[in-house]
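In what follows, a structure is listed as structure tokens, so that the remarks can point back to it.
Below, chains carry the letters A, B, ... as their sequence lines are ordered, and counting in each starts from 1.
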4 protein chains.
Amino acid sequence: MVSRRPSPPTARRRSAKTALIEEFRVRAIREAVLDVVGREGPAAATLQRIADRAGVAKGTIYLYFKDRDDLLRHTARFVMDEVRARVEPWMASQATFAERLRGLVTAGLTVLEEHRGFLRFYLPLPQDRLAGGGARDAVVRPSVLERQDTLRGALKEFLARAARRGEIRRTDANRLAQFIVDGVTGAIVTRLSEARPPAIAAEVDWIVDMLLHGMSPRGRSRS
Amino acid sequence: MVSRRPSPPTARRRSAKTALIEEFRVRAIREAVLDVVGREGPAAATLQRIADRAGVAKGTIYLYFKDRDDLLRHTARFVMDEVRARVEPWMASQATFAERLRGLVTAGLTVLEEHRGFLRFYLPLPQDRLAGGGARDAVVRPSVLERQDTLRGALKEFLARAARRGEIRRTDANRLAQFIVDGVTGAIVTRLSEARPPAIAAEVDWIVDMLLHGMSPRGRSRS
Amino acid sequence: MVSRRPSPPTARRRSAKTALIEEFRVRAIREAVLDVVGREGPAAATLQRIADRAGVAKGTIYLYFKDRDDLLRHTARFVMDEVRARVEPWMASQATFAERLRGLVTAGLTVLEEHRGFLRFYLPLPQDRLAGGGARDAVVRPSVLERQDTLRGALKEFLARAARRGEIRRTDANRLAQFIVDGVTGAIVTRLSEARPPAIAAEVDWIVDMLLHGMSPRGRSRS
Amino acid sequence: MVSRRPSPPTARRRSAKTALIEEFRVRAIREAVLDVVGREGPAAATLQRIADRAGVAKGTIYLYFKDRDDLLRHTARFVMDEVRARVEPWMASQATFAERLRGLVTAGLTVLEEHRGFLRFYLPLPQDRLAGGGARDAVVRPSVLERQDTLRGALKEFLARAARRGEIRRTDANRLAQFIVDGVTGAIVTRLSEARPPAIAAEVDWIVDMLLHGMSPRGRSRS
DNA sequence: AATGAATGAGCGTTCATTCAT
DNA sequence: GATGAATGAACGCTCATTCAT
């Protein structure tokens, strides 16, 4: 079971084969969740539907996940971990700040688009914003927040360093981290509502430019 | 029933007293929805829970709302209308752009804080974005989108006008509108996580400054 | 209250006016039941609907009837009493047996047609036979049976007398009474399904002829 | 699910064992319906009561029937099919008309007695005719009518043929068919009220005799 | 006497979870 | 390990009944 972190001391080592099967099943079921939620929304994400899509029996899911909440938590964490894995390397990069920011935003935007079907409901698009909240998936929240906090923490650190180096102005790093996350999220949200969204690169340029210089006219003196 | 807009022409006028009671009940039930959803999330928003919190019987809700969907739709519309009523006047104001932006952000921030509990799930704040939804409330969507589109459209128009006047630089007004909304929303989130958040005015200053000038060091040349 | 048969000894005599109003209300409500059930079936016969049709408030019904069951029982009894009031005089008539039978059948057929809308559900037509039974009106039965037993008893007595006089052959009067009731009921049931049913008189002739002589060829010797 | 007639072509064959279990469950649930309705009337036929009597959980019923209506429809059809299967062979028989009529009446009487509890409400016996229904089971109608129309049509054809052959006199075959059905139904009712009803054979003789010759004194001339 | 807003028991239905095979 | 038939708690909703006005 995926969520069973510390295996009991008496448990025999799983054979390599068994572990492989487990990995395979877990992936299949998780993909089924992403697929069903992405295509038909959380309302359709009953265990029966997920099991059907994964090609396993309903009961089988319980061999790998404690319960429905555990499955959803696992899936959300998986997506968030992917985001983090793609974004974090850019923070440690040696490039210029603008390049690092651009890389970071590109990475975020890319992975978000990959899982847009799923995130669409948990990270709602403008046209879906009020669609979200059903009752069943309240459990997804804490596990996502946990990941998100880590990510935001890292981003905050990254920004604080940049400020110390004079790459950006000194300001509330916490607010700024949130501001960036929201800017990127908002952009993907806008993209999803457009028939012909601009290329990712152009999108990134716009975001980075706005984050760096704001909306006031170029060359104007500050108010 | 709240959603029954056009009363039959032959219907006798409701007495003033009856209308008062209706207003009172509708408010009580709506507040219960806002309260329950805000405190415990949409998952807890069963009719029984709402009724309990409103201090009425389950059946009473059906005297004022057609069904659960109608109730949720009504509540969402109510909140969105409040947002709009507070924000829109600033767009038509004759003040400088910076002042109008500040007023607009202040208004948004204020009403968002008022209904933060509810909106947290339906207009999810960044830290909750992945937390949201289930399926039950898919119906809330259309009625809110209708409101939200109008609001965003107005904001977009406001920004386009400002660009034409040279008050801000010319850019994609749609993206910018979303960007601002997300910036404000994100600020609320940050505030919620802080023990001693700054005063609203300071918060607004930070947001407006960031929106206008971005994070690059003051006085630096653009990249 | 209609069903309160023996008024308590201490009760003051109702004034004539009060009695008149009571009579008026009871009739209005009863007619509403017959109308609603007749037009829309027992499913639609909620107290609210009945009250609306009767032009009184829901609560008012409870001033005249103990509860819903009491109201339905009253209505069914009323219809049955009408049947009986029309049919019984013919039993005591001095005409020939065939004439008395014809009169009796005519009377039954006529009153049944009058209330066909109501009876349609409780005395189902061929095409409705299996439609009947809902759960709510189980109470109607005992009160109808009580009346029907009385009627059948009278009919049985009438037939036994006729047999003693040699007007009909001697046979099980109980069975025969039931047989006649069923024949008449069946006929009206057939009529209701026909676009252009024959005149009542012709219908009666057919029934009486069949009851008297059966279906074997005229003039044939008995098997 | 019983009502799911055409299984998808790609569906794997149900194992013999599974089919057996399904058959078993469907029968148990159907018998529970017949039992509950028969004993306590349609009013008592809630899903909980049916489930209890069938010895299964409420949810189990939904594995085999789409919903309550489907269950009731299935049960009614089952009974009607039994009636038809027993009655129809006699119509095609080569015996004399009286014998065929006797066989037919016997078959009808027998199956009616078997399911008398259930049919009492849906094919109401004369003494229960006013007792029946509420609204809940309106859905039962169409599926039964379909069956009943076929049956009555066959009976009508049978009678028309007999009339053409001179076995009975020429008359309205439709009315006569209904008349016979009602005569048989009425007999059941009479039997139910008797402590010691006559043997089925004697009962049949009485009915057939009455249907053939009517109640007028033997040997008397017709009026 | 008359009202109708308020009530809550009870319904049909869904679906996460269990467990015998 | 894998299955899916079986379960029953919990939901949204209806409507007969009550009672303050």
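If you find the closest nucleotide of DNA chain F to D67(C) and to G59(D), the one lying nearer the 5' end belongs to G59(D). Sequence order on DNA chain E of the closest nucleotides to K58(B) and I21(C) puts I21(C) first from the 5' end. Looking at which nucleotide of DNA chain E each of Q48(D) and I61(C) is closest to, the 5′-most match is held by I61(C).
The structure places CZ of R30(A) at 7.5 Å from CZ of F65(A), a figure rounded to the nearest 0.5 Å. Atoms CG and CD1, on L72(B) and I50(B) in that order, are 6.5 Å from each other to the nearest 0.5 Å. The OH atom of Y62(B) sits 9.0 Å away from atom CZ of R68(B), with the distance rounded to the nearest 0.5 Å.
The side chain of A57(B) sits closest to dG8(E) out of dA5(F), dT13(E), dG8(E). Taking the side chain of T60(C) as heavy atoms from C-beta on, and the options dA2(E), dG8(F), dT3(F), the nearest nucleotide is dA2(E). Picking from dT13(E), dA5(F), dC15(E) the nucleotide with the shortest atom distance to the side chain of T46(A) gives dC15(E).
In this structure, CG of L47(B) is placed 16 Å from P of dA9(E), rounded to the nearest angstrom. Summarising the geometry, the separation between CG on L63(C) and C1' on dT17(F) is reported as 13 Å, rounded to the nearest angstrom. Atom CZ of F24(C) and atom C1' of dA2(E) are 14 Å apart (whole Å). For D69(A) and dC15(E), the CG to C1' distance is 14 Å, given to the nearest whole Å. Rounding to whole angstrom units, CD of residue E22(B) and C1' of dG4(E) are separated by 13 Å. Going from atom NZ of K66(C) over to atom P of dA16(F) covers 15 Å, rounded to whole Å. Distance CZ (R68(B)) to P (dA10(F)): 16 Å, rounded to an integer number of Å. Separating the CG atom of L20(D) from the C1' atom of dT21(E) is a distance of 16 Å, rounded to the nearest angstrom.
An OP1 or OP2 oxygen of dG1(F) is reached within less than 4.0 angstrom by no side-chain nitrogen or oxygen of R25(A). Contact check, Y64(B) against dA6(E): a side-chain N or O comes under 4.0 Å of OP1 or OP2. Side-chain N/O atoms of Y62(D) include none lying less than 4.0 angstrom from OP1 or OP2 on dC15(E).
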Could you write out DNA chain F as dot-bracket? Rules: Watson-Crick or G-U wobble, both distances under 3.5 Å, brackets [ ] for crossings, | for pairs with another strand, dot for unpaired. .||||||||||||||||||||

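Scanning all heavy atoms of the two residues, the minimum distance from V37(D) to A45(D) falls at CG2-CB, 3.8 Å.
At a threshold of 4.0 angstrom between heavy atoms, the contacts of R49(C) with the nucleic acid are absent.
The backbone N or O of L71(D) lies less than 3.5 Å from a partner atom in the side chain of T75(D), making a donor-acceptor pair.
Residues passing the salt bridge (charged side-chain N to carboxylate O under 4.0 Å, His left out) test with R53(A) are D35(A), E40(A), sequence neighbours excluded. With sequence neighbours excluded, no residue forms a salt bridge (charged side-chain N to carboxylate O under 4.0 Å, His left out) with E31(C).
Side-chain contact check for E22(C) versus V26(C): some heavy-atom pair is nearer than 4.5 Å.
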